[in-house]
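Scroll down for the structure; my scribbles are underneath it.
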Amino acid sequence: MTKISLGLEYATISACRISLMSPELLDSVLLQTDFPELKLHASGKVRDVYTLDQDRLLFVATDRISAFDYVLATGIPHKGRVLTQISLFWFEFLRDLVPNHLLTADVSQYLAPLQQYAAQLQGRSMIVARAEMFPVECVVRGYISGSAWKEYKATGTVCGIALPKGLQESDRLPEPIFTPSTKATSGHDENISFAEMSKLVGPELSSQLRDLTLTVYKKAADYALQKGIIIADTKFEFGRTPRGITLADEVLTPDSSRFWPADKYAPGRAQESFDKQYVRDYLEQIRWNKRPPAPALPVEVARRTSEKYVEAYHQLTGLELDA
Ligand code: Q0Z
């Protein structure tokens with residue numbers, strides 16, 4: 001279930017305007033998409049997908065941010081563009097390993113009816129091939145954290161995989177492990193064993209997805225580590241297209257992965273989040289009860305968080321985000 005706290009967006013935006021954020025920056029923050037001539041295909045916490053035709057979808061990354069499972073009332077400048085550009089970077093980086101769903105992210109090539117929204121769409125959207133999505137999340141973990149750490153502490157296993165004894169929280173695993181989950185209809189995804197995945201989608205496809213997931217993760221995580229970012233774990237979604245088994249959705253972004261700054265890595269405790277640490281610290285500091293409505297963020301927290309996303313993009317790719 002997607003939990004969105006509604007009603008504060010414009011209050012937040014006007015509060016920002018009279019305080020610290022420049023009007024130009026504010027105007028660039030996109031909290032909601034609205035393309036009346038298109039049919040909404042799916043809406044996530046921070047992204048919206050529209051149907052273009054039988055074979056194509058329009059993906060739009062907004063500047064919404066979620067923390068502790070809720071979408072906050074404040075947008076993060078540039079976040080949607082950063083996440084889109086990170087996915088585009090990885091699609092190119094991984095193209096020899098796996099076909100992906102990208103058709104184009106060049107707005108000038110979009111259909112005529114979308115041109116009126118060109119400014120909104122630029123940099124934060126892509127047109128993708130519609131895939132027959134497999135009903136599993138392909139999760140891979142190189143480090144033990146989150147739900148896997150909880151499961152390991154309780155049982156010594158993660159998704160049915162036995163792990164060495166004596167691991168500490170956030171430890172690097174001897175080898176990355178494939179820990180699939182099902183897309184729960186409400187609440188959190190549920191971790192499943194490889195055998196359970198095989199029952200859902202078949203043993204052959206399960207093996208293919210596991211091997212692809214591990215190969216893709218290893219190549220990307222090796223690269224990111226050289227750039228000072230640990231990708232502790234990540235979630236891929238695959239589907240079938242005319243190109244075969246296709247990497248879909250967003251790829252190896254801070255929203256679909258745990259990004260940790262390598263220079264601050266220290267096992268034995270939870271790690272700082274590369275991107276959301278200021279947000280989490282603020283929400284803990286104000287002692288939000290983690291029930292709706294989700295609060296707004298002070299402009300300074302939004303601004304510093306924005307800088308972290310832009311920094312992650314630069315650190316990974318060596319590129320500057322367009323102004
Ligand atoms: C991905 C999702 C999002 C909400 C549908 N290439 C594809 N073909 C068909 N379906 C999808 C894709 Cl990527 C697809 N999702 C997940 C994404 C917002 C849900 F941006 N839903």
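Numbers for residues simply follow the sequence, beginning at 1. Note that ligands are numbered from 1 as they come in the structure, with each ligand's atoms numbered from 1 the same way.
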* So does R269 have more than 12 non-hydrogen atoms from other groups sitting under 6.0 Å from CZ? -> yes
* **Ring centers of Y313, H78 separated by less than 6.0 Å** => no
* With sequence neighbours left out, what residues match Y50 under ring pair (Phe, Tyr, Trp, His ring centres under 6.0 Å)? -> F35
* Which parts of the protein, at residue level, reach under 4.0 Å of ligand 1 through a heavy atom? -> H41, A42, S43, G44, R47, V49, L57, F59, H101, V128, A129, R130, A131, M133, A248, D249
* Does atom CD of E37 have more than 12 heavy-atom neighbours, drawn from other residues, nucleotides or ligands, at distances under 6.0 Å? -> yes
* Asked: Other than M133, what residues sit in its cluster of Ile, Leu, Val, Met, Phe, Trp and Tyr side chains whose heavy atoms are under 4.5 Å apart, directly or through others?
  -> none
* Supply the members, apart from V46, of the Ile/Leu/Val/Met/Phe/Trp/Tyr cluster built from side-chain contacts under 4.5 Å; use none for a lone residue. => none
